[in-house]
Amino acid sequence: MHPSKGISGSLSSILNGKRIILCVTGSVAAYLSPAIARELMRHGADVHAFLTPDAVKLLGPQLLHWATGNPVITELSGELEHVKYAVGSDLVLVAPATANTIAKVTHGVADNAVTALLLTAMGYGKNIIIVPAMHEPMWLAEQTRRNVEALRRWGVTVLEPEIVEEKAKLADPAYIVEHVIRMLHPKRLPEGVRVLVSAGATAENIDPIRVVTNQSSGRMGLEIALEAYRRGAETQLILGYSVVEPPRYIPTTRVTDSESLRKTLQTRLTTNPPAIYFSTIAVADYRPRHVWDRKVDTGTTPDLKIELRAVDKILPIVKSISPSTVVVAFKAEYNVDDETLLQRAEKLLEYSDIVYASDVGRPGSEFGSKTTTGIIIDSERKVIHVENLSKHQVAAMLLDLTASKLKQLGM
Ligand SMILES: Cc1cc2nc3c(=O)[nH]c(=O)nc-3n(C[C@H](O)[C@H](O)[C@H](O)COP(=O)(O)O)c2cc1C
């Protein structure tokens, strides 16, 4: 084995057994291609690079040979590399793609290793992702617009560049890798499935700058949103206060208190009902009966008495507005035995299909930690015990369960 392949599968095994052809063209963004190749390998992919003559001038083949651990194809020979690699590929990724290569592919030109491979792969109906990078005027030129439109019409995925400093810059490499995973995920959800996730904590004002809240970090919800996105869902996030930041490719609506959460949810459920709703957000259970309209001064008010009242529960509105939505509810308990945890989880099944109740009092399961301990229970009273698993693993388990629920419902 080439020593560079030692990193294979170090992040996940999601792309195990997948062969990805990474085409690199003559753009300055070619310097990012080796890092993209390495990240795909860390998820288990076998990456083979094809370079255009201009990419060879800019980058040279050696760096990508090192990065992928595989020989780099820069020209065609009697081996018919364009056919051999197109047939054996699971996905062809062109990153970066120049305006020139995009134009050639659109018009069926096959005059170098990259364009010949792309035309062949398109003929075979392979998965193709094109990631453009160029000066903004090249991107805006009518010819490029039409070429990109045609490629999309033919089923090629073209990722939008980021317009910065009058350049249409290569999309974020992390986003490119996520998109590859999304296309090749072995547990892809049905096309067009909408998943809504709420995460983080809400807070209720005491005065204009002080709040009553809880310690939810938003980590569990974010892991669920990321996993749903990876499985191909149209994923949206409603996020309260959180210590984690969502990536830009997941549309996110911010909420502050329970009222703004209620309104956002009501609108979303009415106008765009999701197939699955993960109610991960930890609503601040209490709100002050009285809210001071200016900052309370500790000098004049050393003892502040705040009377708190429980806020109305929000979960019940979900099924009442959108009965067909599969609802996953979450509950956090503190230092209780499994039986009590189970009893409290069961209560939430009145408004949901699946519940995950965690005990944030157990070591490794605290708010904000990357691991969690608790109990999953579904409407058929099937119970799964979760013992110190990563929140990502639990997110994957919950998505498996909701996917089979959707199947049962014929969705
Ligand atoms: C240093 C340098 C950087 C370039 N960067 C880009 C770029 O980012 N995007 C682009 O479309 N063209 C860029 N070009 C122009 C392309 O290299 C040129 O159009 C070439 O014909 C592309 O060939 P290819 O598509 O076969 O790789 C650049 C040229 C040079 C010399």
Side-chain angles (χ1 to χ4, degrees), residues 20-37 39-40 47-68 70-77 80-83 85-86 89 91-123 126 128-152 154 156-177 179:
I20 295 169
I21 314 300
L22 173 62
C23 296
V24 182
T25 67
S27 151
V28 275
Y31 79 96
L32 292 165
S33 305
I36 294 170
E39 200 63 4
L40 291 169
V47 181
H48 294 260
F50 272 56
L51 265 65
T52 64
D54 280 273
V56 172
K57 275 196 239 164
L58 276 176
L59 195 67
Q62 272 197 6
L63 193 56
L64 275 159
H65 188 171
W66 161 79
T68 60
N70 287 320
V72 173
I73 309 298
T74 56
E75 54 185 42
L76 301 180
S77 72
L80 298 184
E81 291 84 350
H82 58 303
V83 181
Y85 283 86
S89 69
L91 186 141
V92 178
L93 171 67
V94 193
T98 56
N100 178 59
T101 292
I102 288 172
K104 283 185 183 176
V105 178
T106 313
H107 291 86
V109 177
D111 64 344
N112 62 39
V114 166
T115 50
L117 172 93
L118 277 165
L119 192 61
T120 315
M122 283 181 78
K126 294 282 178 177
I128 300 177
I129 301 180
I130 287 186
V131 196
M134 61 197 71
H135 272 75
E136 192 184 9
M138 289 175 101
W139 175 246
L140 294 177
E142 187 60 28
Q143 295 94 318
T144 310
R145 306 278 81 240
R146 286 188 188 196
N147 293 338
V148 167
E149 226 173 79
L151 287 172
R152 285 183 171 147
W154 298 333
V156 173
T157 299
V158 182
L159 299 187
E160 282 295 303
E162 288 176 24
I163 307 295
V164 185
E165 299 166 335
E166 292 183 14
K167 317 267 184 337
K169 292 201 176 183
L170 192 83
D172 181 1
Y175 173 57
I176 298 171
V177 171
H179 220 93

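Whatever order the structure lists them in is the order used to number ligands and atoms, beginning at 1. Starting from 1, each residue takes its place in the sequence as its number.
Side-chain N or O atoms of Ser33 include one that pairs as donor or acceptor with a backbone N or O of Ala30 at under 3.5 Å. In this structure, Ser27 contributes its side chain and Ala97 its backbone to no donor-acceptor pair below 3.5 Å.
Between Thr144 and Met134, some side-chain heavy-atom pair lies under the 4.5 Å cut-off. Using a 4.5 Å cut-off on side-chain heavy atoms (C-beta onward), Tyr85 and Thr120 make no contact. Side-chain contact between Lys169 and Trp139 is absent, with no heavy-atom pair separated by less than 4.5 Å. Side-chain contact between Asp54 and Thr98 is absent, with no heavy-atom pair separated by less than 4.5 Å. Put simply, the side chain of Leu151 reaches to within 4.5 Å of the side chain of Met122, judged on heavy atoms.
The contact set between ligand 1 and Thr52, taken as ligand atoms under 4.0 Å from a residue heavy atom, comprises 24 (P), 26 (O), 27 (O). Close approach to Ala133 involves these atoms of ligand 1, each under 4.0 Å from a residue heavy atom: 7 (C), 8 (O), 9 (N), 10 (C), 11 (O). Each of the following atoms of ligand 1 lies closer than 4.0 Å to a heavy atom of Thr25: 27 (O). Taking a cut-off of under 4.0 Å to the non-hydrogen atoms of Met138, the atoms of ligand 1 that pass are 11 (O).
Atom 8 (O) of ligand 1 has its closest protein heavy atom at Ser27 OG, 2.8 Å. Considering only non-hydrogen protein atoms, atom 5 (N) of ligand 1 sits nearest to Val28 N, 3.3 Å.
Distances from atom 26 (O) of ligand 1 to the heavy atoms of Val24, Thr98, Asn100 put Asn100 nearest. Comparing heavy-atom distances from atom 2 (C) of ligand 1 across Leu58, Val56, Ile102, Asn112 singles out Leu58 as nearest. Comparing heavy-atom distances from atom 16 (C) of ligand 1 across Gly26, Pro132, Ala55, Ala29 singles out Gly26 as nearest.
Protein heavy atoms come within 4.0 Å of atom 13 (C) of ligand 1. Proximity of atom 30 (C) of ligand 1 to the protein is not indicated, since no non-hydrogen protein atom lies closer than 4.0 angstrom.
Every N/O-N/O distance between His135 and ligand 1 stays at or above 3.5 Å. For ligand 1, the polar-atom distance check against Ala99 finds a nitrogen or oxygen pair separated by under 3.5 Å.
Once rounded to the nearest 0.5 Å, the distance linking OG1 of Thr101 with CG of Asn147 reads 11.5 Å.
Between Glu142 and Arg146 there is a salt bridge, since a side-chain N of the basic residue sits under 4.0 Å from a carboxylate O of the acidic one.
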